[in-house]
Asks: 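I have a structure here, written as structure tokens, and I will follow up with some questions on it.
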Amino acid sequence: MAFKEIHGHEKQIRILQQAMTSKRIAHAYLFYGMEGIGKRSTALVFAKALNCQEGQGDACGHCSSCLKADHGNHPDLIIIEPAGQSIRVQEIREIQHRMSFRPFEGGWRAFILVDAEKMNSTAANALLKTLEEPTPSNILILASSRPYLLPLTVLSRCQPLRFNPLTRDTVDQYLQKRLGVPPPAARLLAASSGGSIGRAIEMNDADYLSLRNDMLEQVMGGQRQDPLHFFPLIHAFGQERKDVLERLDILKGCFRDALVFKETGMIHYLFNQDRAPEIESFARAHSAADLLKNIRSVDRAYAAIDQNANKSLTLEAMMFRLASKS
């Protein structure tokens, strides 16, 4: 992959290329933005381009350095991902050890920390020492969808680069041209993705669409005047953390669409455009204050479960909030 193959982040790529051209490369970067938006891909291409033997501000894809990076065996490109739920101090110690040597092959050694916010406190403190005493020819790239969980001392020592949600047209065209998704399905997935190609790819699955439809029917159907009609939803969330978070995203999208339609009356802005009639009916049956309260309740539950709170208790508390009126 090269910069020219990354969709929708022209500004961010231009900043990185200007840094390479001017030889004013920061010792540490923070790439932040929603999940599945291209932070990791951009970090990988940046690391490749730094050591590309063609040296034209992009990764050529055919020199020995680029080929090694593509095959995952470049000695100067190291990717650190959470082991389980966290990045541990041992991995940061390994970074510090490697930084004490010059790069093996290229002019730069790049460390990419995926989900950097998952460093435990000991690891973050160890990384802080590295950020305070940078070594030549080494670069750290922290990729995070929740940078607010990182210590301020770490944030302040990284050059931030925000990755914004992609436009629907960008996601739509990617799905059609790169994955061969039929136009109607691509438009639906692009609208539902929230600007994330990664999420759109995950949703390009019959099982996901069936799950989404089942949940929307449970939320928007039933006895809406019954304050407890949300509680049967608990059984649809499952036990796996990833499944619960995915279903919370669907639930939030339902309330979000209803609020958007209530305030604008426009179908174009809905995530679930194919369910516009049900969303319109649901929006008319609820006040804007209740819909906003429900969105906040789902957000609170998502954040708690993302931090490994008890899933059953968190979901039950959320359902009680959804059942209450503003």
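If you read the sequence from its start, that first residue is 1, and numbering goes on from there.
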Asks: Which heavy atom of Ala124 sits nearest to which heavy atom of Val154, and what is that distance?
Replies: O-CG2, 4.0 Å
Asks: Rounded to the nearest 0.5 Å, what separation is found between the CD1 atom of Ile6 and the CD1 atom of Ile37?
Replies: 12.0 Å
Asks: Measuring only between side-chain heavy atoms, which start at C-beta, is Tyr174 closer than 4.5 Å to Leu179?
Replies: yes
Asks: Return the minimal non-hydrogen interatomic distance between Cys158 and Leu142, and the atom names on each side.
Replies: SG-CD2, 4.3 Å
Asks: Passes side-chain contact (heavy atoms from CB on, under 4.5 Å), Arg296 versus Phe255? Steps please.
Replies: CA-CA 10 Å; Arg296 289 171 175 164; Phe255 295 135; over 6 Å; no
Asks: Starting at NZ of Lys242, measure out to CZ of Arg247 and round the result to the nearest 0.5 Å.
Replies: 11.0 Å
Asks: Within the 4.5 Å heavy-atom criterion, are Leu248 and Met318 side-chain neighbours or not?
Replies: yes
Asks: To the nearest 0.5 Å, what is the distance between CZ (Arg199) and OG (Ser192)?
Replies: 8.5 Å
Asks: Looking at CD1 of Ile197 and CG of Asp172, how far apart are the two atoms once the value is rounded to the nearest 0.5 Å?
Replies: 10.5 Å
Asks: Report yes if the side chains of Arg275 and Arg212 come closer than 4.5 Å at any heavy-atom pair, otherwise no.
Replies: yes
Asks: Are Leu161 and Leu16 close enough that some pair of their side-chain heavy atoms sits under 4.5 Å apart?
Replies: yes
Asks: Measure from the side-chain N and O atoms of Ser281 to the backbone N and O of Glu278, and report whether any donor-acceptor pair falls under 3.5 Å.
Replies: no
Asks: Is it possible for you to say whether Ile112 and Ile15 belong to one hydrophobic cluster, with membership spreading through side-chain heavy-atom contacts below 4.5 Å?
Replies: yes
Asks: Say you draw a straight line from SG of Cys254 to CG of Leu291; how long is it, rounded to the nearest 0.5 Å?
Replies: 8.5 Å
Asks: Between Leu216, Ile279, Ile267, which is the residue that forms a side-chain contact (heavy atoms from CB on, under 4.5 Å) with Asp257?
Replies: Ile279
Asks: To the nearest 0.5 angstrom, please state how far the OG1 atom of Thr21 sits from the CD atom of Gln17.
Replies: 7.0 Å
Asks: Going hydrophobic residue to hydrophobic residue with side-chain gaps under 4.5 angstrom, can you get from Ile80 over to Tyr29?
Replies: no
Asks: What closest approach, in Å, do Met34 and Ser145 show between heavy atoms, and which atom pair accounts for it?
Replies: C-CB, 4.2 Å
Asks: Under 3.5 Å, side chain of Gln273 to main-chain N/O of His268, donor-acceptor pair present?
Replies: yes
Asks: Quick check against the 3.5 Å criterion: does Arg162 have a side-chain atom that pairs as donor or acceptor with the backbone of Gly33?
Replies: no
Asks: Verify the cluster assignment for Ile13 and Tyr32: are they in a single hydrophobic cluster under the rule of side-chain heavy atoms below 4.5 Å apart?
Replies: no
Asks: side-chain contact (heavy atoms from CB on, under 4.5 Å) for Leu140 and Ile95? Distances and angles first, verdict last.
Replies: CA-CA 9 Å; Leu140 283 162; Ile95 290 176; 4.2 Å; yes
Asks: Between Leu30 and Pro147, is there a side-chain heavy-atom distance shorter than 4.5 Å?
Replies: yes
Asks: When you group the ILVMFWY residues by side-chain heavy-atom contacts below 4.5 Å and let the links chain together, are Met319 and Tyr302 in the same group?
Replies: yes
Asks: If we only count heavy atoms from C-beta on, is the Leu175 to Asn204 side-chain gap below 4.5 Å?
Replies: no
Asks: Quick check against the 3.5 Å criterion: does Lys262 have a side-chain atom that pairs as donor or acceptor with the backbone of Ala283?
Replies: yes
Asks: Do the side chains of Asp76 and Lys68 get close enough for a salt bridge, i.e. N-O under 4.0 angstrom?
Replies: no
Asks: Evaluate the side-chain proximity of Phe3 to Phe46: yes if any heavy-atom separation is below 4.5 Å, no if none is.
Replies: yes
Asks: Is it the case that the side chain of Asn125 and the backbone of Ala123 share a donor-acceptor pair, with hydrogens and angles ignored and the cut-off at 3.5 Å?
Replies: no
Asks: Which atoms form the tightest heavy-atom contact between His7 and Glu5, and what is the distance?
Replies: CD2-O, 3.2 Å
Asks: Does one side chain, of Glu105 or Ser65, offer a donor that lies under 3.5 Å from an acceptor on the other?
Replies: no
Asks: Show the nearest heavy-atom pair for residues Ile87 and Asp115, with the distance to one decimal.
Replies: CD1-O, 3.8 Å
Asks: Angle class for the Phe163/Phe31 ring planes (parallel below 30°, perpendicular above 60°, tilted otherwise)?
Replies: tilted
Asks: Quick one: list whatever passes side-chain contact (heavy atoms from CB on, under 4.5 Å) with Glu246, sequence neighbours left out.
Replies: Tyr208, Leu211
Asks: The test is side-chain contact (heavy atoms from CB on, under 4.5 Å); show your working for Met119 and Leu150 and say whether it passes.
Replies: CA-CA 8 Å; Met119 284 186 290; Leu150 286 164; 3.7 Å; yes
Asks: Heavy atoms only: give me the nearest Ala191-Arg168 pair and the separation to one decimal.
Replies: CA-NE, 3.8 Å
Asks: Give a yes-or-no answer on whether the side chains of Thr130 and Gln96 include a donor-acceptor pair shorter than 3.5 Å.
Replies: yes
Asks: Between the side chains of Glu132 and Arg157, is the shortest nitrogen-to-carboxylate-oxygen separation below 4.0 Å, so that they form an ion pair?
Replies: yes
Asks: Hey, can you tell me if His286 and Phe282 have their rings parallel, tilted or perpendicular (30° and 60° cut-offs)?
Replies: tilted
Asks: Do Arg284 and Phe261 pass the side-chain contact (heavy atoms from CB on, under 4.5 Å) test, and can you show the C-alpha distance, the side-chain angles, and the key distance before you say yes or no?
Replies: CA-CA 9 Å; Arg284 296 189 190 286; Phe261 186 87; 4.1 Å; yes
Asks: Run the salt-bridge test on Glu81 and Arg40 with the 4.0 Å N-O cut-off and return the result as yes or no.
Replies: yes
Asks: Ile141, Ile92: one ILVMFWY side-chain cluster at the under-4.5 Å cut-off?
Replies: no
Asks: State whether the side chain of Ser196 and the backbone N or O of Gly36 hold a donor-acceptor pair below 3.5 Å, judged by distance alone.
Replies: yes
Asks: Using the salt bridge (Lys or Arg N to Asp or Glu O under 4.0 Å) rule, collect all pairs that involve residues 300-322, keeping only residues at least two apart or in two chains.
Replies: Arg146-Asp306, Arg241-Asp306
Asks: Counting heavy atoms not belonging to Leu313, are there more than 12 under 6.0 Å from its CG?
Replies: yes
Asks: Do Phe271 and Asp249 have side chains that get closer than 4.5 Å, going by heavy atoms?
Replies: no
Asks: Within the distance-only criterion (no hydrogens, no angle test), does the side chain of Asn51 pair as donor or acceptor with the backbone N or O of Gly107 below 3.5 angstrom?
Replies: yes
Asks: Within the distance-only criterion (no hydrogens, no angle test), does the side chain of His27 pair as donor or acceptor with the backbone N or O of Leu131 below 3.5 angstrom?
Replies: yes
Asks: Do the side chain of Lys48 and the main chain of Met1 share a donor and acceptor less than 3.5 angstrom apart?
Replies: yes
Asks: State whether Glu94 and Arg98 are salt-bridged, where the test is any N-O pair (Lys NZ or Arg NE/NH1/NH2 against Asp/Glu carboxylate O) under 4.0 Å.
Replies: yes
